[in-house]
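Working notes for the structure below.
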Amino acid sequence: MKKFLVAVLMFAPMAAFAQKFAHVNTQEIIQVMPEYTKAKGEIDALTKQYEDDLKNMQDEMQKKAADYEAELKKNPEMPQNIKERREKELQEMYQKIQQSYQDNQQALAKASQEKMQLITTKVLDAIKAVGQSGGYVYVMDINAGIPYVSTTLSTDITTQVKTKLGLK
């Protein structure tokens, strides 16, 4: 009887400190958010606009290059200073295209980051609220590169977070 009482007293603190763990699929949540759909549409439209602008610049450069080559064929004795000026114009156009491409990529990355930051913050706030109300010690995102999450020892709160965000 004494041994039983000692065993109960030893394991009682462990039971009192039993920890609850949860996991969530943020990717699944984000993809059904109307904010994500809107942000994705805006980024796609911006990407298309940048691509169209670059295409127009490239087309203009190719036309000027073709015109220059045709002019060289018609007039092989073209003065060197005119050749150099035309080649310099083509080189400057090429550099402008390259710079525009880099600027566009940076602008897209910045816009995407800003839009996703708002969405991510909203999801994280919902996860924290569900985690606190559920008494979870840890809530792990299964998309965060965690090598293994036991779905039998951990509760999936993805649906609860979706509900907290007003999603289906």
Side-chain angles (χ1 to χ4, degrees), residues 21-131 138-151 154-168:
F21 300 96
H23 61 276
V24 67
N25 186 341
T26 55
Q27 219 171 32
E28 179 183 323
I29 295 167
I30 289 172
Q31 288 178 350
V32 296
M33 292 178 72
E35 296 93 330
Y36 173 75
T37 305
K38 181 181 176 194
K40 186 175 182 327
E42 290 171 0
I43 294 298
D44 289 347
L46 193 58
T47 300
K48 174 109 174 69
Q49 179 184 346
Y50 287 156
E51 287 174 352
D52 290 347
D53 289 347
L54 283 174
K55 174 106 173 68
N56 290 338
M57 291 170 74
Q58 289 171 338
D59 290 347
E60 182 183 343
M61 187 180 90
Q62 288 174 348
K63 183 182 180 312
K64 281 196 177 201
D67 290 348
Y68 173 60
E69 286 180 30
E71 195 174 343
L72 275 177
K73 285 182 182 178
K74 284 182 185 177
N75 185 8
E77 303 299 321
M78 182 185 291
Q80 186 63 28
N81 63 339
I82 294 175
K83 286 181 186 178
E84 288 174 1
R85 188 177 69 224
R86 297 274 172 85
E87 289 169 5
K88 184 179 178 186
E89 285 175 11
L90 290 171
Q91 182 62 31
E92 287 172 355
M93 288 180 83
Y94 177 76
Q95 289 173 345
K96 184 178 176 185
I97 291 170
Q98 292 298 314
Q99 187 62 47
S100 292
Y101 176 78
Q102 290 174 356
D103 293 346
N104 292 350
Q105 292 302 310
Q106 289 174 353
L108 280 172
K110 183 179 178 184
S112 181
Q113 180 183 7
E114 288 172 356
K115 291 178 186 308
M116 288 306 296
Q117 182 63 41
L118 297 172
I119 294 167
T120 303
T121 299
K122 188 173 180 178
V123 170
L124 290 177
D125 290 345
I127 291 170
K128 287 176 188 176
V130 170
Y138 295 106
V139 177
M140 293 163 260
D141 184 358
I142 60 173
N143 297 310
I146 298 171
Y148 173 73
V149 175
S150 172
T151 55
S154 174
T155 305
D156 185 355
I157 63 167
T158 302
T159 305
Q160 292 170 289
V161 174
K162 283 181 179 179
T163 302
K164 181 79 175 168
L165 291 169
L167 305 170
K168 294 179 182 181

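No hydrogens, no waters, no symmetry mates; every other heavy atom, side chains included, goes into these values. Quantities reported herein were computed from a predicted structural model and do not represent experimental measurements.
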Subject >> Side-chain (T120) to main-chain (M116) donor-acceptor, under 3.5 angstrom >> reply: yes
Original post:
Hey, are the side chains of M61 and K96 touching, using non-hydrogen atoms and a 4.5 Å cut-off?
Top reply: no
Original post:
If we only count heavy atoms from C-beta on, is the I29 to Q31 side-chain gap below 4.5 Å?
Top reply: no
Original post:
What distance separates I127 CD1 from K164 NZ, expressed to the nearest 0.5 Å?
Top reply: 12.5 Å
Subject >> Separation of D44 CG from L108 CG (nearest 0.5 Å) >> reply: 9.5 Å
Original post:
Is the CD atom of Q80 crowded by more than 12 outside heavy atoms at less than 6.0 Å?
Top reply: yes
Subject >> salt_bridge(K63, D59) N-O dist < 4.0 Å >> reply: no
Original post:
P76 and K83: which non-hydrogen atoms are nearest, and at how many Å?
Top reply: O-NZ, 4.1 Å
Original post:
Between Y68 and E87, is any side-chain donor less than 3.5 angstrom from a side-chain acceptor?
Top reply: yes
**OP:** Could you tell me which non-hydrogen atom of L90 sits nearest to which non-hydrogen atom of A65, and how far apart they are?
**Re:** CD2-N, 3.7 Å
Original post:
With a 4.5 Å limit on heavy-atom distance, are the side chains of M33 and V123 in contact?
Top reply: yes
Subject >> Residue pair Q49 / L46, side-chain heavy-atom distance below 4.5 Å >> reply: yes
**OP:** Taking ring pair (Phe, Tyr, Trp, His ring centres under 6.0 Å) as the test, write out the residues that go with Y94, two or more places apart.
**Re:** none
Original post:
Taking side chain as C-beta onward, heavy atoms only, is V139 less than 4.5 Å from V161?
Top reply: no
Original post:
Taking C-beta and beyond as the side chain, do E42 and K38 meet within less than 4.5 Å on heavy atoms?
Top reply: yes
**OP:** Could you check if a side-chain atom of K168 sits within less than 4.5 angstrom of a side-chain atom of V32, using non-hydrogen atoms only?
**Re:** no
Original post:
In terms of side-chain heavy atoms, does T121 have a donor or acceptor partner in Q117 at a distance below 3.5 Å?
Top reply: yes
**OP:** Determine the sole option in I157, T159, I142 for which the side-chain contact (heavy atoms from CB on, under 4.5 Å) test with N25 is passed.
**Re:** I142
Original post:
Can any side-chain N or O of T26 pair as donor or acceptor with the backbone N or O of D141 at less than 3.5 Å?
Top reply: no
